There are 2 protein chains.
Amino acid sequence: MNFTTSEENYIKCIYHLQQETGTVNTNSLAAEMHTRPASVTDMLKKLKAKKLLQYERYRGFKLNEAGKKVALEVVRKHRLWEYFLVEVLKFDWDKVHPIAEELEHISSDELVQRLDKFLGNPSFDPHGDPIPDRNGKIPVLNQLNLSEIPVKKTVTVSSVSNQTAQMLEMLKHYKIALGTQLQVNKKFAFDGSLEIKVLKQSPCIISEQVAKNVFVHYEL
Amino acid sequence: MNFTTSEENYIKCIYHLQQETGTVNTNSLAAEMHTRPASVTDMLKKLKAKKLLQYERYRGFKLNEAGKKVALEVVRKHRLWEYFLVEVLKFDWDKVHPIAEELEHISSDELVQRLDKFLGNPSFDPHGDPIPDRNGKIPVLNQLNLSEIPVKKTVTVSSVSNQTAQMLEMLKHYKIALGTQLQVNKKFAFDGSLEIKVLKQSPCIISEQVAKNVFVHYEL
DNA sequence: AATAAAATTTAGACAAATCTAAAAATTTAA
DNA sequence: TTAAATTTTTAGATTTGTCTAAATTTTATT
Ligand SMILES: [Mn+2]
Ligand SMILES: [Mn+2]
Ligand SMILES: [Mn+2]
Ligand SMILES: [Mn+2]
């Protein structure tokens with residue numbers, strides 16, 4: 001089966017939303033897609049006709065197995081292209097999303113296979129998000145939230161959940177990127193802020209809001 | 001100004017046709033685009049409204065300077081991506097056209113700049129066609145048709161004008177690719193066929209029809 | 001349980017890109 | 001120089017994806 005760019009964007013968006021909430025509703029999908037609820041309803045009918053999702057009117061919806069498979073293929077392409085843009089073409093990691101949003105719709109399967117191979121079958125994209133393999137299998141990483149780790153423990157930044165330009169700009173300022181090693185010096189109970197020490201940088205303070213969006217891993 | 005995929009495909013196609021014939025007519029464009037004359041007329045109105053071409057109804061049409069500029073940008077992207085697919089991802093040269101036909105519509109200017117730089121600012125695509133530079137300037141190569149070169153002169157294959165799958169399959173069989181060095185041993189007046197000797201291969205005979213589509217260059 | 005509020009869908013419209021069939025203009029040829 | 005053939009355009013539909021405004025259904029609140 002073949003899908004339009006618009007269908008693929010909806011499918012991917014539904015996939016991300018249902019990862020968090022199980023079942024998805026019309027308004028939140030409309031908000032996420034920057035479109036109108038009526039447009040969402042129209043598209044839901046098409047995707048249901050193509051047997052990609054469970055959907056009863058007024059009842060919410062979620063992708064079935066066929067839908068998830070399509071979503072994972074698009075996610076795979078998106079993240080492989082992001083990896084390419086950052087690692088090969090040397091883009092900053094906060095500039096690649098909109099370009100990958102276009103590249104993910106290029107249809108050739110062989111292109112994806114060869115790109116994957118050329119890149120060395122990477123497991124994570126430049127934002128630390130896992131790249132599904134050709135079978136849709138997603139690598140798991142035992143990761144913790146930065147706000148929850150013990151002090152004085154050296155950890156490695158593995159992903160960032162808020163990927164807005166504002167957030168990424170802020171992380172760039174702190175010189176925090178994926179793979180950056182750091183430790184928490186002190187936790188302030190008053191507002192949940194943290195003093196952290198990034199390797200080779202002087203200590204600095206980050207808000208709880210930032211910390212909540214940074215995930216790290218460390219050896220046990 | 002921003003253009004749709006469909007507009008870009010029409011513009012590119014008009015560009016190629018007017019290179020040969022000066023001014024283009026509705027039916028030949030429809031044939032080349034695998035569409036109907038009525039659809040061409042519809043698109044011509046849009047492109048004229050966007051001031052990309054000279055067009056009076058029933059009178060034929062051609063791109064103006066603005067239109068040529070757009071065409072050259074699309075051609076540049078197409079050929080850069082083909083170069084990428086062959087040289088970086090190791091696709092066979094006869095497989096890349098349909099993929100580049102999609103990739104050429106990715107809109108980011110910075111992507112094109114970085115891709116060009118990463119590839120080493122190549123001047124010719126895998127089919128030997130020149131790649132316009134960022135200003136739309138096209139490199140010229142002093143080339144001759146294979147059917148016209150003197151015997152026993154070593155020449156280098158520089159481009160192939162018929163790029164159908166059938167032609168490329170045939171050239172692959174003969175082990176002729178861009179950059180291949182060869183010489184003509186003998187010319188047969190009867191049917192215009194040639195005995196050629198490809199470097200490191202034993203001599204073989206090619207038809208006049210094939211030779212007419214192969215262009216070569218050599219030092220004077 | 002009745003009513004108000006919120007969420008969702010339907011109805012109807014529009015733009016882009018395509019098509020077929022018919023009309024109009026141009027070119028060719030008797 | 002008319003008539004025939006060819007080319008091109010117009011008229012009117014269709015599909016996809018979107019929208020606004022109105023209607024419907026569900027959920028929350030008195
Ligand atoms: Mn996208
Ligand atoms: Mn990403
Ligand atoms: Mn194209
Ligand atoms: Mn080419």
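These figures come from a predicted structure and were not determined experimentally. Proteins come first, then strands; the chains are lettered A, B, ... in the order of their sequence lines, and each starts at number 1.
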Check this one for me: any side-chain N or O of B/Thr4 less than 4.0 Å away from OP1 or OP2 of C/dA16? no
So, do A/Gln18 and A/Lys68 sit near enough that their side-chain heavy atoms are less than 4.5 Å apart? yes
So what does B/Thr26 touch, heavy atoms closer than 4.0 Å: a base, only the sugar-phosphate, or nothing? sugar-phosphate
Measure CG/A/Leu44 against C1'/C/dT9 and give the value in whole Å, please. 11 Å
Residue-phosphate contact under 4.0 Å: A/Thr35 side-chain N/O, D/dC19 OP1/OP2: yes
Specify the separation, in whole Å, of atom CZ of A/Arg59 and atom P of C/dA6. 20 Å
Supply the atom-to-atom distance B/Leu89 CG to B/Lys95 NZ, rounded to the nearest 0.5 angstrom. 14.5 Å
Is a side-chain N or O of B/Ser207 found less than 3.5 angstrom from the main chain of B/Val210, in a donor-acceptor match? yes
B/Met43, nearest nucleotide to its side chain (from D/dT8, D/dG17, C/dA17): C/dA17
Among C/dC19, D/dC19, D/dG17, which nucleotide has an atom closest to any side-chain atom of A/Ser39? D/dC19
Please tell me if A/Ser6 has a side-chain N or O lying less than 4.0 Å from either OP1 or OP2 of D/dT18. yes
Just to verify, which of A/Lys46, A/Lys12, A/Lys50 counts as forming a salt bridge (Lys or Arg N to Asp or Glu O under 4.0 Å) with A/Glu7? A/Lys50
Are any of A/Lys45's side-chain N or O atoms less than 4.0 Å away from OP1 or OP2 of C/dT10? yes
Remember a base hit wins even if backbone is also touched, and classify A/Tyr10 as base, sugar-phosphate or nothing at under 4.0 Å, heavy atoms. sugar-phosphate
d(NZ, A/Lys48; P, C/dT9) in whole Å: 11 Å
Figure out the CG/P separation between B/Asp42 and D/dT10, and round it to whole Å. 9 Å
Would B/Arg134 and B/Asp109 pass as an ion pair if we require N to O under 4.0 Å? no
From D/dT10, C/dC19, C/dT9, nucleotide with atom closest to B/Arg36 side chain: C/dC19
Between the protein and nucleotides 21-24 of chain D, are there any N/O to N/O pairs under 3.5 Å, and if so, what are the atom names and distances?
{"residue": "D/dT24", "atom": "O2", "partner": "A/Tyr58", "partner atom": "OH", "Å": "2.9"}

Please report the distance, rounded to the nearest Å, between CG in A/Leu29 and P in D/dG17. 14 Å
It should be established whether B/Lys46 places a side-chain nitrogen or oxygen under 4.0 Å from OP1 or OP2 of nucleotide C/dA17. yes
Atom-pair distance (CE on A/Met33; P on D/dG17), nearest Å: 11 Å
Check the phosphate of C/dT8 against A/Asn25, side-chain N and O only, distance under 4.0 Å to OP1 or OP2. Yes or no? yes
What is the separation between atom NE2 on B/His34 and atom C1' on C/dT18, rounded to the nearest whole Å? 16 Å
For atom CG of A/Asn27 and atom P of D/dT25, their distance in whole Å: 18 Å
Could I get the full list of ring pair (Phe, Tyr, Trp, His ring centres under 6.0 Å) partners for B/His105, not counting sequence neighbours? none
Any side-chain donor-acceptor pair under 3.5 Å between B/Glu20 and B/His16? no
Looking at residues at least two apart in the chain, or sitting in another chain, which of them share a side chain to side chain donor-acceptor pair (under 3.5 Å) with A/His127? A/Glu82
Report which part of the nucleic acid A/Tyr55 touches: base, sugar-phosphate, or nothing (heavy-atom distance under 4.0 Å, all strands). sugar-phosphate
